[in-house]
Amino acid sequence: MPRPLLVMKFGGTSVGSASAIRGAADLVARRADTHRLAVVVSAMSRVTDLILSTLEAAERGDAALVDEGIGRLRSTHEAACRALVPPGRASRVLDQIEGILDRLARVARGMLLLRERPPRAVDDAAPTGERLSALLLAETLRESGIPAANVAGSALIVTDATVGGAKPFLEETAENCGAVLGPLLAEGSVPVITGYGAAARDGTPTTLGRGGSDFSAAIIAASLQADELWIWTDVDGILSCDPRIAPEARLLREVTYNEAAELAYNGAKVLHPRTLAPLADRRIPVRIRNSFRPAGPGTRITGRHTERPGVRAITSLSQVALVSIEATGLSLYGAQLMARALAVAARAQVEVLLMTRSSFRQNFCMLVRSGDVEPVVEGLREDLAIELAHGYMLPIAVDHSVGLLAAVGEGMRGTPGLAGRLFTALSERNVNIIAIAQGSSELTIAIVVNATDLRTSVSAIHSECGLGRPASTPAAH
Ligand code: ADP
Ligand code: ASP
Ligand code: MG
């Protein structure tokens, strides 16, 4: 019997400093005797933001800021390297760091020259942080006597060509994982794989979207038919609310794939929204754990539903906007307008988070992420150009001053009076409800409120549902 196969993913904070990288290596080392291990890493915390803002500076022609950005990346990673790798071996690793930064610098120089930021070039440069952190973790593992090999996610994960958030092809990815990772695992070496980055069939670099290293790890765990995936992060697991909004949020020891997926989709940053799909299909259990408090049990995500039905957690999304279209009279057929608007969103590959429609005034609203507003509005203007030009429709309206909150839990529909309680809790705090959706899933009630009311609403509902910890229990961070 081969040893069980465990995929471990380390998030940005969990590799965010030399001591965190050493801690991550220890967590890997602890399982090295009992498991076959594959590791997926994020960039050190804030590094991806710095890379993307450096490329924006390049597009603006700001050479000084580009130099500063690359300089900061160099000093952060060089300092970590010197702290982790003994002097005799450090110079070779420092050269590799320089090589990785050189690739970024070449992309940035091209952008400076052209005053353009081609999305393909951004996708090529964006996972630079992962290349650097994978290098450092693999070196640290070797220093502690664990054979480790640095592997690029782009050599494994095959995607379509969508810019900024590509869709993986699991079969081809599984073939690559078998070919590249199989021999490493068989010889007892730990592959340390860069998260976030992937490649299209023709080799063009792609990414899996911001926060996409979770998704990388899930794709790799699914491809390898791993026995389990552990996601190491900076909180004790999935909590009943974002602890930055409700510090009394409680650890959820077990959630279902469905609950975790709804939470992630509705804004719980602890998991990238697409992470669970490949795992749920294959029933691969996931654990979310705190790399800084590894003794904790974490959250286990499985297909079983063991908890009492009802609300388990509250999430929110602030970077959203309501896009509304409205006919001026009754001459346009409402269902057709809706169909056309949704077709526009589908063509632009934009996710509609929630929609509402009033049946008499032919008004239709779609809630979308702020970054998706432009393609949707452009598409609508194009598609409805004639109706808009002839005054059959009001100009397309966009309201950015809204936020979405969601209450999530299996079997919520079986909790009578729940929606009423949530609305009362909001109205007691003078929160105006702009839109609601329960949908046919029993899992989520979503509510749109004014952005300024979002935090109050989330904590009001969190406490109305009795989800917080008693005041004396220790904090989750
Ligand atoms: P990583 O870099 O490890 O991927 P992220 O910053 O992407 O970490 O995700 C972890 C963060 O998610 C936590 O620090 C926390 O602030 C935030 N978060 C939001 N909602 C939740 C929730 N319901 N449970 C746990 N963490 C949450
Ligand atoms: N480093 C990438 C990001 O910051 C991916 C990740 O952390 O998951 O978006
Ligand atoms: Mg993350």
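Numbers for residues simply follow the sequence, beginning at 1. Counting starts at 1 for both ligands and their atoms, in listed order.
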Can you find an N or O of Ser14 that's nearer than 3.5 Å to an N or O of ligand 1? no

Counterpart residues, side chain to side chain donor-acceptor pair (under 3.5 Å), relative to Gln225 (two or more places apart): none

Is it the case that ligand 1 has an N or O less than 3.5 angstrom from some N or O of Gly267? no

contact_flag Cys241 ligand 1 heavy-atom lt 4.0 Å: yes

Residue-ligand contact Val235/ligand 1, heavy atom below 4.0 Å: yes

For residues Ser213 and Val40, report the shortest heavy-atom separation together with the two atoms involved. O-CG1, 4.0 Å

For residues Phe10 and Ile21, determine if any side-chain heavy atom of one lies less than 4.5 Å from a side-chain heavy atom of the other. no

Could you tell me, atom by atom, which parts of ligand 1 come under 4.0 Å of a heavy atom of Ala268? 20 (N), 23 (N)

Side chains of Asn450 and Thr452: any donor to acceptor distance under 3.5 Å? no

What residues sit with at least one heavy atom under 4.0 Å from ligand 2? Ser42, Ala43, Thr48, Glu130, Tyr196, Arg210, Gly211, Gly212, Ser213

Lys9 touching ligand 1 at heavy-atom level, < 4.0 angstrom: yes

For ligand 1, find out whether one of its N or O atoms is nearer than 3.5 Å to an N or O atom of Thr233. yes

Below the 3.5 angstrom mark, is there an N/O of Arg244, backbone or side chain, next to an N/O of ligand 1? yes

Can you tell me if Asp202 and Thr204 form a side-chain donor-acceptor pair at under 3.5 Å? yes

Mind checking the CG-CZ spacing from Leu27 to Phe292? Nearest 0.5 Å is all I need. 9.5 Å

State whether the number of non-hydrogen atoms from other residues, nucleotides or ligands found under 6.0 Å of Arg120 atom CZ is greater than 12. yes

As an exercise, state the distance from CG of Leu208 to OG1 of Thr275, rounded to the nearest 0.5 Å. 9.5 Å

Classify the angle between the aromatic ring planes of His35 and Trp230 as parallel (below 30°), tilted (30 to 60°) or perpendicular (above 60°). tilted

Output the list of atoms in ligand 1 that are nearer than 4.0 Å to some heavy atom of Gly237, sorted by atom number. 24 (N), 25 (C)

When you compare ligand 1 with Asp234, is there at least one nitrogen or oxygen pair between them that comes in under 3.5 angstrom? yes

Less than 3.5 Å apart, any donor N or O on the side chain of His400 or Ser370 sitting next to an acceptor on the other? no

Using a strict threshold of under 4.0 Å (side-chain N to carboxylate O), is an ion pair present between Arg74 and Glu98? yes

